[in-house]
**Q** 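Supplied in structure tokens, the structure appears directly below.
In the text below, chain A, chain B and the rest are named by the order of the sequence lines, each starting its count at 1.
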There are 2 protein chains.
Amino acid sequence: MILDEKKRTTLADVAVAAGVSKMTASRALRGAGDVSKAKADRVRQAAKEIGYVGNHLASSLSGKRSDLIGVVVPSVENIVFAEVLAGIADGIEGSDLQPVFGVTDYDLDKEYDVVRNMLSWKPAGIIVTGLDQSDATKRILENADVPVVQIMDVDGIPVDACVGLSHFTAGKEMAEALLKMGRKRFAYVGCGLDRDTRAAKRLSGFQAALSENGLAFVATRIGRARSTVKAGRDLSAEVLASHPGLDCIYYSNDDLAVGGAYHCIANGVAVPDELVLAGFNGLDLVDSLPIRIATTRTPRREIGRAAAEIVLNSNHGGGVGTERRKQFHPAIDIGV
Amino acid sequence: MILDEKKRTTLADVAVAAGVSKMTASRALRGAGDVSKAKADRVRQAAKEIGYVGNHLASSLSGKRSDLIGVVVPSVENIVFAEVLAGIADGIEGSDLQPVFGVTDYDLDKEYDVVRNMLSWKPAGIIVTGLDQSDATKRILENADVPVVQIMDVDGIPVDACVGLSHFTAGKEMAEALLKMGRKRFAYVGCGLDRDTRAAKRLSGFQAALSENGLAFVATRIGRARSTVKAGRDLSAEVLASHPGLDCIYYSNDDLAVGGAYHCIANGVAVPDELVLAGFNGLDLVDSLPIRIATTRTPRREIGRAAAEIVLNSNHGGGVGTERRKQFHPAIDIGV
DNA sequence: GATGGTATCGATACCGGTATCGATACCAGT
DNA sequence: ACTGGTATCGATACCGGTATCGATACCATC
């Protein structure tokens, strides 16, 4: 069987078909200069006819960078990061960049491995979650000669560029808003704070606002499990049982807060009159909840898109013009 | 400044440091045979000392396949696919494969482009959602000489391998369970059925069971928007207003069903006594809902993991031994 | 001692593109 | 006619690994 050769068509095939050299074909297809319009058209035509698809591996190896864009997130199950991914997908739409992702499980050593591994693809850019990597990770990022965008957080010094919001401020502003509503007896419910440094920053911002007003948390419940609706429901039940008279619970995020809402609905706790629940993120499922809870609306998708655009610009125009620090100022929704 | 050379260390550096040839170093680091234990140790030692990290692009270009595993999903915002991604991440853990993802937005043409583009990375495998790609897409998948795993669905003929469940059966079994509860006046609420063929399969399974029992949907509401909690809430309100006396609503998925639940809670509709709500997927947020709704619990994470393992096996052992069709039989949760 | 087999290693040719630089042609200016 | 500049193209050397195959050494067997 001589027919049905499995071999993919290569640039050389295109060149032969168009009657030019490989180099000219390469230039024509990339839109690089130094090709006459006539030949460029012939090349494009030939490529289309024989169904040529470039080999990304070859061009990436040869060229300075690849068409891959590395995305490092702590978890993909968390809808927040899924939405960030969606934003990134939006941002690179039409640019033939492709996202590769790595998951760290909030583990700094794993993060180092993932980043290191990612860099060996010579990505066009790398987007990592948070500003608080280990020193070793930051070092390889700095030396990598690749645009680095740290996302979600801006409370700190970025390696290169960062896009996100101040979690300290977010926590503080939420506390101030709740204080203005007249709330006085606060509890805090959170999960995984030792690993999620952004949640910890929100907490300290919240606490700062409380102590400025001579207050402090009446109760604190920090779970070690993942942040889930179920965990929120359980922890809320515990804290409400052990500390009667609370008038507000601040959660480390919406998932937990929704769990709290479920508990209140099931047990007839009047929300928000008797008790105000406050989360963080402004997820879809919060909006349609039969009761209203407070939350900070984070622009997840926009953050992803902005990060992708920074990478794009860095590759396109040399990256000098781009903003190195893009801070969003999320709105607070008090829940009526 | 001669120091601080940006150049990454390469395999040649390792070879020199270990006093062997590039080829021997390559073999030692990969664990390929034909290397004495003494030299292999020396190479590994040298690699560690100079901090060598292999260049994936070069090895991928040279080798038969890359260390990339392509994942094509219709959407990443949908928590269902995010969980599948998490399962894939689980499955490839420890295998130095990295997932690249492409998003199709349920668009067949875009799917073709994404798949085609993905294949040009010579991935170690490609995981695509669903069995119902366009003919052109199926053709390039067949000819690609790459393990292909189609996920979520098994109602049809896979290109290569598939992992998932029968959506027709899932719909049918749910209907049968609800009929057994004595429900008689059914409504259907769904979104995006024209593009989500699996939801459409569930619907026809459900209808098949109904007509076997001499019944049919009293009302049907098909939205064109994305499946969101909000859409579910709105559509539920509509259908309940226009068709009083319904005793069960089947939704195309849990997101919509949760929206329905929110509507019922807010409007005092007794669930499940007066009205049973049935969704699909068994999401986290359904479990902790203050009222109980019916759902089919799909093993999303397991599907992802199984798909990754099929790819892994195909690369490892030649892939002959692996199962080509893995069907899960999801449990139905009737919601008390 | 000749022969055959196995274990170990390295030289060389790729993989499929891109960067670089020199060659050629054509035009304007003097 | 000669020089200089620009536009266009191609030959060649990589990019950093892996596949292939031949060379060498060492041992057992006859």
**Q** Rounding to an integer number of Å, can you tell me how far H56(B) NE2 sits from dT18(D) P?
**A** 10 Å
**Q** Take atom NZ of K122(B) and atom P of dT18(D), then tell me their distance rounded to the nearest Å.
**A** 12 Å
**Q** To the nearest angstrom, how far is L29(B) atom CG from dT18(D) atom P?
**A**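 So the CG-P distance, L29(B) to dT18(D), works out to 8 Å.
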**Q** Just the rounded figure in Å: distance from P of dG10(D) to CE of M23(A).
**A** 11 Å
**Q** Heavy-atom distance under 4.5 Å between the side chains of D132(B) and R198(B), does that happen here?
**A**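 They are not in contact (no side-chain heavy atoms under 4.5 Å apart), so the answer is no.
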**Q** Give a yes/no on whether any side-chain N or O of S59(A) is located under 4.0 angstrom from OP1 or OP2 of dG17(C).
**A**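 S59(A) to dG17(C) OP1/OP2: no side-chain N or O under 4.0 Å.
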**Q** Roughly how many Å is it from CG in L61(A) to P in dT18(D), rounded to a whole number?
**A**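 My rounded result for the distance is 12 Å.
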**Q** Taking 4.0 angstrom as the limit, do K37(B) and D41(B) come out as a salt bridge?
**A** yes
**Q** Considering non-hydrogen atoms only, spot the tightest contact between A306(B) and V163(B) and give its length.
**A**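 Closest pair (atom of A306(B), atom of V163(B), distance): CB-CG1, 3.9 Å.
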**Q** Paired with dG29(C) by Watson-Crick or G-U wobble geometry, both distances under 3.5 Å: which nucleotide is it?
**A**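 Across all strands, the one nucleotide that pairs with dG29(C) is dC2(D).
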**Q** If we ignore angles and hydrogens, is there a donor and acceptor under 3.5 Å between the side chains of R116(A) and S120(A)?
**A**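 Distance-only check fails for R116(A) and S120(A).
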**Q** Give a yes or no on this: more than 12 heavy atoms of other residues, nucleotides or ligands lie within 6.0 Å of atom NZ of K326(A).
**A**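 No, not enclosed.
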**Q** Does anything in residues 39-52 of chain B reach DNA chain D, meaning a heavy atom under 4.0 Å, and if so which residues?
**A**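 Heavy-atom contacts with DNA chain D come from Y52(B).
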**Q** Check whether the side chains of S62(A) and S59(A) place a donor and an acceptor atom closer than 3.5 Å, and report yes or no.
**A**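 S62(A) vs S59(A): no donor-acceptor pair found between side chains.
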**Q** What is the distance, to the nearest angstrom, from the CG atom on L11(B) to the P atom on dG17(D)?
**A** 5 Å
**Q** With respect to the phosphate group of dG17(C), does any side-chain polar atom (N or O) of S60(A) fall under 4.0 Å of OP1 or OP2?
**A**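 Negative; the distance criterion is not met.
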**Q** Compare side-chain N and O positions of S26(A) against OP1 and OP2 of dG17(C) and report whether any pair is under 4.0 Å apart.
**A**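 It does not, given that no N or O in the side chain of S26(A) lies less than 4.0 Å from OP1 or OP2 of dG17(C).
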**Q** Under a 4.5 Å cut-off applied to non-hydrogen side-chain atoms, are V73(A) and T104(A) in contact?
**A** no
**Q** Any donor-acceptor pair under 3.5 Å joining the side chain of K22(A) to the base of dG10(D)?
**A** no
**Q** If you assign each of A25(A) and G54(B) to its closest nucleotide in DNA chain D, which residue comes earlier from the 5' end?
**A**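 First, find each residue's nearest nucleotide; the 5'-ward one identifies A25(A).
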**Q** May I ask you to say what D34(B) touches in the nucleic acid, namely base, sugar-phosphate or nothing, with a heavy-atom cut-off under 4.0 Å?
**A** base
**Q** What about R27(A): does its side chain form a donor-acceptor pair under 3.5 Å with the base of dG10(D)?
**A**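 Such a pair exists between side chain and base.
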**Q** Could you let me know what dG22(D) is paired to, Watson-Crick or G-U wobble, both distances under 3.5 Å, or none if it's on its own?
**A**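 With both distances under 3.5 Å, dG22(D) matches dC9(C).
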**Q** Under 4.0 Å: is that the gap between some side-chain N or O of R30(A) and OP1 or OP2 of dA19(C)?
**A**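 So the side-chain polar atoms of R30(A) do come within 4.0 Å of the phosphate oxygens OP1 or OP2 of dA19(C), strictly under.
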**Q** In whole Å, what is the span from the CG atom of L57(A) to the C1' atom of dG17(C)?
**A** 10 Å
**Q** To the nearest angstrom, how far is D67(B) atom CG from dG17(D) atom C1'?
**A** 12 Å
**Q** Can you tell whether the side chains of R305(B) and D90(B) come within less than 4.0 Å, N to carboxylate O?
**A**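 Salt bridge flag = yes for D90(B) with R305(B).
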**Q** Does OP1 or OP2 of dT18(D) have a side-chain N or O of S62(B) closer than 4.0 Å?
**A**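 S62(B) to dT18(D) OP1/OP2: no side-chain N or O under 4.0 Å.
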